[in-house]
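Just so we're on the same page: letters track the sequence lines, and every chain starts at 1.
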Protein chains: 2
Amino acid sequence: MEKLLTVTELAEAFDVTPRTIRFYETKGLISPQRVGSTRVYTYRDHARLKLILRAKRLGFSLTDIREYLNLYNVDPEQIEQQQLLLTKISRRIEDLEQQQEDLVATLVELRDIEQQALSNIKKKAAATGFTE
Amino acid sequence: MEKLLTVTELAEAFDVTPRTIRFYETKGLISPQRVGSTRVYTYRDHARLKLILRAKRLGFSLTDIREYLNLYNVDPEQIEQQQLLLTKISRRIEDLEQQQEDLVATLVELRDIEQQALSNIKKKAAATGFTE
DNA sequence: GAGTAGATTGACGTATACGTAAACCTTCTC
DNA sequence: GAGAAGGTTTACGTATACGTCAATCTACTC
């Protein structure tokens with residue numbers, strides 16, 4: 001038996017607000033079943049939201065994320081769809097590789113500043129006479 | 001002698017609009033000299049904009065970027081400043097390492113989908129009798 | 001010196017991504 | 001059965017990041 005979640009429960013699981021999840025639904029990112037009018041979320045929805053939030057942390061727009069999620073649902077029988085899928089994926093991968101470069105470069109610089117800060121503190125400590 | 005650039009020239013160099021650069025100025029991200037009322041940008045401004053746009057690609061908000069740029073301008077003599085700098089940098093680094101994880105995970109999944117698509121196409125080609 | 005090219009400062013418009021409040025339903029619980 | 005708890009939709013509000021004029025001001029150029 002699968003444990004079903006309410007909006008609030010799912011929201012708390014990922015530290016977002018229910019409003020956010022409902023908003024994503026209006027944007028077509030996630031579509032839970034209903035019991036009456038109440039939304040209920042399955043494990044699959046949980047996994048889907050996880051994907052959404054990960055993509056958000058990477059700076060994707062909700063529209064981009066919708067596109068991204070759709071990559072998972074392409075009919076394996078339709079060759080043309082698969083071909084199109086390949087080109088879309090290629091573009092995404094290129095973007096992410098660019099981002100990876102940016103990330104590495106930024107990390108290098110931050111760690112450099114960090115080292116300088118440490119050395120500055122050391123110097124000052126020595127100059128002030130930390131042995132007293 | 002240093003080659004000075006106008007807004008439009010700098011904008012073209014990075015494929016953004018002059019409006020964008022002026023907007024960044026109102027946000028305190030970049031502050032060129034003036035000749036009369038006209039903005040002129042030095043090589044340092046060029047480098048600074050490069051940093052800004054790189055951070056943007058990583059999904060930083062302009063406010064975050066302002067903070068980020070300020071990390072470069074902390075007085076090396078003020079130990080307290082340097083201490084504060086260290087904690088700020090640590091947080092940034094943590095964020096970026098999280099992002100790196102996200103990135104790697106996403107890339108793995110995309111490449112997986114890519115392989116499946118390729119295999120789907122291959123199968124279909126075989127089934128349709130591509131030898132004829 | 002009239003025109004054109006490119007710069008400037010407002011000021012308003014717009015898309016994205018939610019926050020927030022109002023009004024309304026169910027569903028327990030006592 | 002009255003109320004509290006948590007769900008729903010609808011609608012307006014808001015911060016961010018610019019786009020898009022409009023009006024104005026030099027600075028050449030012919």
Side-chain angles (χ1 to χ4, degrees), chain A residues 2-42 45-46 48-70 92 95 99 102, chain B residues 2-42 45-46 48-70 92 95 99 102:
Chain A
E2 188 172 356
K3 170 94 196 294
L4 297 177
L5 304 172
T6 72
V7 209
T8 335
E9 286 167 346
L10 183 61
E12 281 169 358
F14 287 105
D15 197 32
V16 298
T17 70
R19 168 65 172 130
T20 298
I21 297 179
R22 295 196 192 102
F23 182 70
Y24 290 169
E25 186 175 342
T26 72
K27 292 297 170 181
L29 296 185
I30 193 169
S31 27
Q33 294 173 247
R34 302 278 185 138
V35 170
S37 66
T38 303
R39 295 167 172 83
V40 289
Y41 297 87
T42 69
D45 292 322
H46 186 278
R48 197 174 170 89
L49 183 54
K50 189 172 182 178
L51 275 182
I52 294 173
L53 295 177
R54 198 172 70 192
K56 277 229 63 182
R57 286 196 298 275
L58 292 177
F60 283 51
S61 75
L62 296 188
T63 310
D64 284 345
I65 296 178
R66 191 180 181 338
E67 269 266 325
Y68 169 56
L69 290 172
N70 285 339
R92 284 259 181 262
D95 285 354
Q99 196 168 344
D102 290 333
Chain B
E2 190 172 353
K3 170 93 197 292
L4 298 177
L5 302 173
T6 71
V7 209
T8 335
E9 285 166 347
L10 183 61
E12 281 170 357
F14 286 105
D15 198 31
V16 299
T17 69
R19 169 65 173 132
T20 298
I21 298 180
R22 294 197 192 102
F23 182 71
Y24 291 169
E25 189 175 340
T26 72
K27 292 297 170 184
L29 296 184
I30 193 170
S31 28
Q33 295 174 247
R34 302 278 185 135
V35 170
S37 66
T38 303
R39 294 166 172 83
V40 288
Y41 297 86
T42 68
D45 293 321
H46 185 279
R48 197 173 170 91
L49 183 55
K50 190 172 180 177
L51 275 181
I52 294 173
L53 296 177
R54 198 173 68 191
K56 278 229 62 180
R57 286 196 298 273
L58 292 176
F60 284 50
S61 75
L62 296 189
T63 309
D64 285 345
I65 296 177
R66 193 180 180 334
E67 269 266 326
Y68 170 56
L69 290 173
N70 285 339
R92 284 259 181 262
D95 285 354
Q99 196 168 345
D102 290 333

Got a donor-acceptor contact below 3.5 angstrom from the B/D45 side chain to the B/T42 backbone?
yes
Determine: side-chain N/O of A/T6 to OP1/OP2 of D/dG7, distance under 4.0 Å, yes or no.
yes
Under 3.5 Å between N/O atoms: give me all the protein pairs with nucleotides 20-27 of chain D, atom names plus distance.
unit_1	atom_1	unit_2	atom_2	d
D/dT20	O4	B/R19	NE	3.3

Which two nucleotides bound the region of DNA chain C that has atoms under 4.0 Å from heavy atoms of chain A, read 5' to 3'?
C/dA17 to C/dT20
Without decimals, in angstroms, what is the distance between A/L5 CG and D/dG7 C1'?
15 Å
Residues in residues 51-58 of chain B with a heavy atom under 4.0 Å of DNA chain D, by number, are B/K56
Backbone N or O of B/G59 within a donor-acceptor pair of the A/R57 side chain at under 3.5 Å?
no
Between P on D/dT9 and CZ on A/R39, what's the gap in Å once rounded to a whole number?
4 Å
Check this for me, if you would: do A/E25 and A/R34 make a salt bridge, where the nitrogen-to-carboxylate-oxygen distance has to be below 4.0 angstrom?
yes
Return the OG1 to CZ distance between B/T8 and B/R39, rounded to the nearest 0.5 Å.
10.5 Å
Rounded to the nearest 0.5 Å, the CG atom of A/L51 sits from the NZ atom of A/K56 at a distance of 15.0 Å
Would you mind reading off the distance between A/R22 atom CZ and D/dT10 atom C1', rounded to a whole angstrom?
12 Å
